[in-house]
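Data first, discussion second: the structure below is written as C-alpha cells.
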Amino acid sequence: MNIKLLAIGKTDNKALQSLLDDYAKRLSFYVKFDLEIIPDIKNVKNLSESQQKEKEGELILSKLTPTDQLILLDENGITFSSVGFSDYLQKKMNSGVKTLVFVIGGPYGFNAEIYQKAQGKISLSLMTFSHQMVRVFFIEQLYRGFTILSNEPYHHQ
C-alpha cells in the first residue's frame, strides 16, 4: 500500500519542516509515503469562502487517480486512539487499497464535491490546530501506527 498526504500551502516554519522530513524518512521503512503540497490559491482576497473551497477542491481532485481511496482530515470525522488508528491502517492494507490519500484542506475545509468523493473522514482532535501543525501530528501518528503494527517499542500503553 502507498500512503499520500495532500496539504494546501507550503510549510514556512523550518522547525516544522524538519519534523515533517524526519517522520517522512522514518515512515519510509514501513510504507511508501509521499507528502504532496498543493500551492496556496493566488488572490484569495478576491474570492469568497465558497470560491476558495471550489478552487482548492479542483486542485485536490487533479492529484487523485480513480483507484485512490480518499480520506479527509476533518473536524467532523471519526476519532481514534493511536492503537485504533493502527487497526484502521491494518484494515486498509488488508482490503487491498493501492493508494490511501489523506487530505488536509485549506482554512475553510472542503467543498461538497470533495466530501462526496471521500471514502472517510478522520478527526485528530476536537481542538483546532494550525494546518502546519496538523501535518506534523498526522505524520507522527502514521509513524506511530506502523510501529504499533510492527510491535516496536515506540508506543507505550
State the [atom1]-[atom2] distance between [X] and [Y], to the nearest 0.5 angstrom.
X    : Y    : atom1 : atom2 : answer
F137 : L124 : CZ    : CG    : 8.5 Å
I37  : I104 : CD1   : CD1   : 8.0 Å
T79  : L126 : OG1   : CG    : 7.0 Å
Q141 : I122 : CD    : CD1   : 10.5 Å
K42  : K55  : NZ    : NZ    : 13.0 Å
E54  : S48  : CD    : OG    : 9.5 Å

Set of residues satisfying side-chain contact (heavy atoms from CB on, under 4.5 Å) with respect to [X], sequence neighbours excluded:
X    : value
F29  : none
V136 : L16, L19, L20
S86  : V83, I148, L149
Q52  : V44, E56, P107, Y108

(Q) Between the side chains of K117 and E113, is the shortest nitrogen-to-carboxylate-oxygen separation below 4.0 Å, so that they form an ion pair? (A) no

Q.
I'd like to know if D22 and R26 make a salt bridge, using a cut-off of under 4.0 Å between side-chain N and carboxylate O.
A.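 Salt bridge between D22 and R26, a charged N being under 4.0 Å from a carboxylate O: yes.
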
Q) Quick one: side chain to side chain donor-acceptor pair (under 3.5 Å) partners of Y23, sequence neighbours excluded? A)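 Scan of Y23 (side chain to side chain donor-acceptor pair (under 3.5 Å), adjacent residues dropped) gives Y154.
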
Q: With sequence neighbours left out, write down each residue that passes side chain to side chain donor-acceptor pair (under 3.5 Å) with E36, or none if nothing qualifies.
A: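 In terms of side chain to side chain donor-acceptor pair (under 3.5 Å), with neighbours along the sequence ignored, E36 is linked to K63.
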
Q: Evaluate the criterion side chain to side chain contact (heavy atoms under 4.5 Å, CB included) for residue pair D34 and N2; output intermediate values, then yes/no.
A: CA-CA 8 Å; D34 182 38; N2 300 319; over 6 Å; no

Is it true that [X] and [Y] fall in one hydrophobic cluster, defined by side-chain heavy atoms closer than 4.5 Å?
X    : Y    : result
Y115 : I8   : yes
L6   : L100 : no
I60  : F102 : no
V101 : V31  : no
I71  : I114 : no

Side chains of [X] and [Y] in contact at under 4.5 Å (non-hydrogen atoms):
X    : Y    : answer
F146 : I3   : yes
K92  : M1   : yes
Y143 : F138 : no
L142 : Y30  : no

So, for [X] and [Y], which heavy atoms are closest and what is the spacing to 0.1 Å?
X    : Y   : result
Q132 : D12 : OE1-N, 3.9 Å
L47  : Q51 : CA-OE1, 3.3 Å
Y88  : F80 : CD1-CZ, 3.5 Å
N13  : A15 : OD1-N, 2.8 Å

Exam field: side chain [X] to backbone [Y], donor-acceptor pair closer than 3.5 Å:
X    : Y    : value
H131 : G106 : yes
S125 : M127 : yes
S18  : K14  : no
Q119 : Q69  : no

For the residue pair [X] and [Y], confirm or rule out a side-chain donor-acceptor distance under 3.5 Å.
X    : Y   : value
D68  : T65 : yes
S123 : E75 : no
Q17  : D21 : yes

Q: Could you walk me through whether I139 and L27 pass the side chain to side chain contact (heavy atoms under 4.5 Å, CB included) test, one step at a time?
A: CA-CA 8 Å; I139 291 176; L27 262 175; 4.0 Å; yes

Q.
Tell me whether K121 at atom NZ has more than 12 heavy atoms from other residues, nucleotides or ligands lying less than 6.0 Å away.
A.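 Atom NZ in K121 is packed in, count exceeds 12.
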
